[in-house]
Amino acid sequence: MTAALYGLILAGGRSTRMGQDKAALKYGERSQLERAFGLLAPLVSRCFVSVRADQQVDALRAKFPQIIDDADGVVGPAAGIHSALRAHPDAAWLVLACDLPFLDAATLQNLIARRDPARIATAYRSAHGGLPEPLCAVYEPAARAALEVYLAGGRNCPRKFLIQSDTLLLDQPHAEALDNVNTPTELDAARARLGAEATGTPRALRVQYFALLREQAGRRDEAVTTAATTPRELFAELAARHAFTLAPEHLKVAVNAEFCDWSRPLNAGDQVVFIPPVAGG
Amino acid sequence: MSSFRFTPTPLDGVALRGELIDTHCGGFACFEGWVRDHNEGQQVTHLEYEAFEALGVREGERIIAEARERFGVTQALCVHRVGDLQLREIAVWVGVAAAHRDEAFKACRYIIDEVKHRVPIWKKEHYVSGDSGWVNCERCAAHAHDHSQEDHDHHHAHG
């Protein structure tokens with residue numbers, strides 16, 4: 001049986017080359033950690049942030065569900081991956097570095113869609129050299145025992161772990177999606193690249209529909225490329241396209257699986273849901 | 001085990017109650033929402049529930065956490081059905097175990113009331129007449145074109 005998929009954002013690094021906490025770096029209005037969590041959380045059943053024990057109460061990290069590294073001598077990302085596999089041994093984990101400013105929802109959706117639960121892991125080939133990318137990959141429950149053997153041998157490189165394990169390797173849908181940012185120079189370049197995309201040009205979003213809106217739209221979800229900058233503008237555009245009978249004052253809106261304001265700025269890759277009047281119970 | 005979940009399979013109240021057994025608790029209160037055969041003058045034949053599960057689980061877990069904090073209860077669980085339901089089936093199950101009965105009753109009431117108002121779940125009723133409709137949505141939709149503002153306090157707030 002395919003294990004339930006949980007998400008883990010790695011935010012326990014020491015950011016030594018950057019000289020400041022990478023998880024807190026901002027592109028536009030959101031920190032890298034918030035952006036990564038926002039991308040991954042809607043695609044998995046539960047989503048956590050991996051932290052070191054001394055980071056639990058850090059203001060940025062404290063607002064997310066956490067998996068705390070259990071200190072048994074392992075350092076680096078392997079510690080976070082191992083702690084997650086140990087904390088929820090029946091789950092598979094989509095592990096994600098927090099410092100991937102170009103990562104998009106399509107890259108994650110493709111990884112999940114093509115995941116092979118019979119393997120130890122499913123990962124992308126690096127766009128730079130073809131080796132597995134260990135920090136945007138799915139680790140199946142069976143990875144736990146294999147990783148423990150690997151760590152017991154004194155090794156802790158997750159890339160080498162994937163190389164020597166039964167890992168399904170996929171090509172990336174967008175070659176630059178997993179470029180990471182480690183130094184202040186790389187950060188400036190990334191901000192310039194994203195800034196050029198953010199000003200005025202249409203954003204690619206995903207909209208999911210439920211209940212009456214699903215029936216009226218005739219679909220469960222839709223990829224939308226739009227110049228709308230807020231959910232209010234987006235709803236007006238979609239209501240015209242699908243002839244929705246519910247007006248915005250009857251709806252709530254969620255972006256990336258969290259309720260939000262109708263005037264929240266929309267970012268590329270956001271997942272938007274308009275919520276009709278509910279009727280549970 | 002999470003404190004709020006959705007399931008497409010029939011709910012077993014006895015099994016769910018078993019998840020809450022706790023020797024620290026002296027009181028257990030439970031609410032079951034059942035599929036009934038009528039609503040607002042129409043004969044209902046069956047229902048379907050649809051949920052935005054990613055947000056629904058988060059909001060449901062927030063409600064349970066609020067109930068624990070407000071009433072000091074020890075164990076609380078809410079499970080909501082999704083998919084097609086027939087008459088007499090359990091649509092939603094809430095169970096609360098606490099040291100004493102008072103907090104168990106109060107927390108159980110709080111959880112079901114908040115779940116009905118806040119969790120993104122939708123109910124479609126199918127009627128003997130062959131019609132069907134999304135509860136709480138159709139009336140809003142009928143009003144949408146004339147911008148009628150009367151009685152719109154019920155958005156997301158009745159059920």
Side-chain angles (χ1 to χ4, degrees), chain A residues 4-7 37-48 63-65 88 90-91 105 112 206-216 220-221 235-236 239 242-260 271-281, chain B residues 2 5-6 31-34 39 47-61 78 80-82 91-94 111-125 132-145 147-149 152 154-159:
Chain A
L5 186 63
Y6 286 10
F37 197 93
L39 273 175
L40 182 56
L43 305 176
V44 293
S45 1
R46 297 178 72 183
C47 197
F48 298 86
K63 60 185 173 185
F64 297 107
H88 295 276
D90 296 332
I112 292 167
R206 183 164 158 252
V207 183
Q208 273 180 282
Y209 297 112
F210 291 95
L212 186 60
L213 294 179
R214 171 177 57 71
E215 292 180 348
Q216 292 176 344
R220 289 184 184 280
D221 57 47
F235 186 78
H242 298 303
F244 290 141
T245 53
L246 289 165
E249 62 264 29
H250 301 137
L251 306 171
K252 290 185 177 181
V253 62
V255 173
N256 301 327
E258 207 45 271
F259 291 113
C260 71
Q271 319 233 357
V272 183
V273 178
F274 297 103
I275 299 176
V278 303
Chain B
S2 63
R5 57 184 191 258
F6 293 100
F31 174 82
E32 292 183 353
W34 296 352
N39 191 31
L47 295 182
E48 71 190 81
Y49 281 100
E50 178 171 340
F52 175 15
E53 298 199 16
L55 177 57
V57 167
R58 285 184 184 178
E59 189 70 1
E61 288 183 340
C78 178
H80 204 293
R81 276 291 303 276
V82 289
V92 59
W93 190 94
V94 180
I111 292 167
I112 186 60
D113 286 351
E114 294 297 309
V115 164
K116 288 174 80 97
H117 295 166
R118 290 165 50 187
V119 177
I121 306 166
W122 300 276
K123 171 162 61 178
K124 188 175 197 178
E125 291 177 335
S132 62
W134 291 100
V135 174
N136 297 349
C137 288
E138 311 289 345
R139 189 166 41 181
C140 286
H143 287 178
H145 293 296
H147 299 284
S148 166
Q149 288 303 307
H152 275 142
H154 68 279
H155 308 146
H156 303 272
H158 76 197

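Just so it is clear: chains get the letters A, B, ... in the order the sequence lines come, proteins before strands, and each one is counted from 1.
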For [X] versus [Y], what's the shortest heavy-atom pair and its separation?
X	Y	value
A/Ala257	B/Ala54	CB-CB, 4.1 Å
A/Leu246	B/Cys137	CD2-O, 3.6 Å
B/Pro120	A/Ile275	CB-CG2, 4.2 Å
B/Lys116	A/Gly280	CG-O, 3.4 Å
B/Glu50	A/Phe210	OE2-CA, 3.3 Å

Check: [Y] and [X] side chains under 4.5 Å, non-hydrogen atoms:
X	Y	result
A/Leu212	B/Glu138	yes
B/Trp134	A/Arg214	yes
A/Pro276	B/Trp122	yes

Interatomic distance, A/Glu215 atom CD to B/Lys124 atom NZ [nearest 0.5 angstrom]: 3.5 Å
How long is the span from the SG atom in A/Cys47 to the CZ atom in B/Arg58, to the nearest 0.5 Å?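 One finds 7.5 Å between SG of A/Cys47 and CZ of B/Arg58.
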Please determine, among B/Val92, B/Leu55, B/Val94, the option with the most heavy-atom pairs under 4.5 Å with chain A.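 Between B/Val92, B/Leu55, B/Val94, the count favours B/Leu55.
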For the interface with chain B, which of A/Leu213, A/Val44, A/Val273 has the highest count of heavy-atom pairs at distances below 4.5 Å? A/Val273
Against chain A, label B/Glu59 side chain, backbone, both or neither, depending on which of its atoms sit under 4.5 Å from a heavy atom there. side chain
Between B/Val57 and chain A, with a heavy-atom cut-off of 4.5 Å, which part of the residue counts as in contact: side chain, backbone, both or neither?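 Contact with chain A is absent: no heavy atom of B/Val57 under 4.5 Å.
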Sub-3.5 Å donor-acceptor pair from the side chain of B/Tyr49 to the main-chain atoms of A/Gly281, do we have one?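 Yes.
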By a 4.5 Å heavy-atom criterion (distance strictly below it), what part of A/Ala254 contacts chain B: side chain, backbone, both, or neither?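 Just the side chain, heavy atoms under 4.5 Å.
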